[in-house]
Engineer: 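I'd like to ask you about the structure that follows.
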Amino acid sequence: MSSDAPPTPPEELSDDVTATLQELDEQGLRRAIIYAQELLQAADTAVTEIEPSPNEDILRTTDRDGYTEVVKQVRCADGCVDCPHGPYLYHVTRESRPEGGAHTHWKFIGRVHGEHE
Ligand SMILES: [Zn+2]
């Protein structure tokens, strides 16, 4: 049958990591891949942190089970007669994409009363 040479490890990978991976059997390698994907996903989540738009202030974020409560205050241009607008409450969920990464989904809940900064 085939006597393929073993694949060349990436130079950027440390010898420790390479050696550890080479010692793994098939099942161990699959576990390593899954773990690496989880690490990637965790890193992605940090990148897609909730950030306010230029005309908004985030007053409060609270992590709940499955979503994050975000209270946002909208800053209007000078001269707006309806101010203040908000603060408004949103439920923000992070949705993982099958191809990797995630995006945040903002669901408008309503105006919040009694939020004091
Ligand atoms: Zn306004």
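Counting starts at 1 for both ligands and their atoms, in listed order.
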Engineer: At distances under 2.8 Å, what protein N, O or S atoms surround the Zn ion (ligand 1)?
Structural biologist: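 Protein N/O/S atoms under 2.8 Å of the Zn ion (ligand 1): Cys76 SG, Cys80 SG, Cys83 SG, His85 NE2.
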
Engineer: Between Arg75 and Asp57 (salt bridge meaning N to carboxylate O under 4.0 Å), is one present in this structure?
Structural biologist: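 Judged by the 4.0 Å cut-off on N to carboxylate O distance, Arg75 and Asp57 do form a salt bridge.
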
Engineer: Determine whether the side chains of Arg64 and Thr62 contain a donor N or O and an acceptor N or O closer than 3.5 Å.
Structural biologist: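 Result is no, nothing qualifies.
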
Engineer: Please indicate whether Asp25 has more than 12 foreign heavy atoms, meaning atoms of other residues, nucleotides or ligands, lying under 6.0 Å from its CG.
Structural biologist: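 Counting neighbours around CG of Asp25, more than 12 heavy atoms of other residues, nucleotides or ligands fall under 6.0 Å, so yes.
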
Engineer: Got a sec, which residues hit side chain to side chain contact (heavy atoms under 4.5 Å, CB included) with Glu11, two or more places apart in sequence or on another chain?
Structural biologist: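 Side chain to side chain contact (heavy atoms under 4.5 Å, CB included) list for Glu11, sorted by chain: empty.
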
Engineer: Check whether any side-chain heavy atom of Ile58 lies under 4.5 Å from a side-chain heavy atom of Val71, and answer yes or no.
Structural biologist: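 Heavy-atom side-chain distance check fails, nothing below 4.5 Å.
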
Engineer: Assess whether a salt bridge exists between Glu69 and Arg60, defined as any Lys/Arg side-chain N lying under 4.0 Å from an Asp/Glu carboxylate O.
Structural biologist: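 Counted as a salt bridge, because a side-chain N and a carboxylate O are separated by less than 4.0 Å.
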
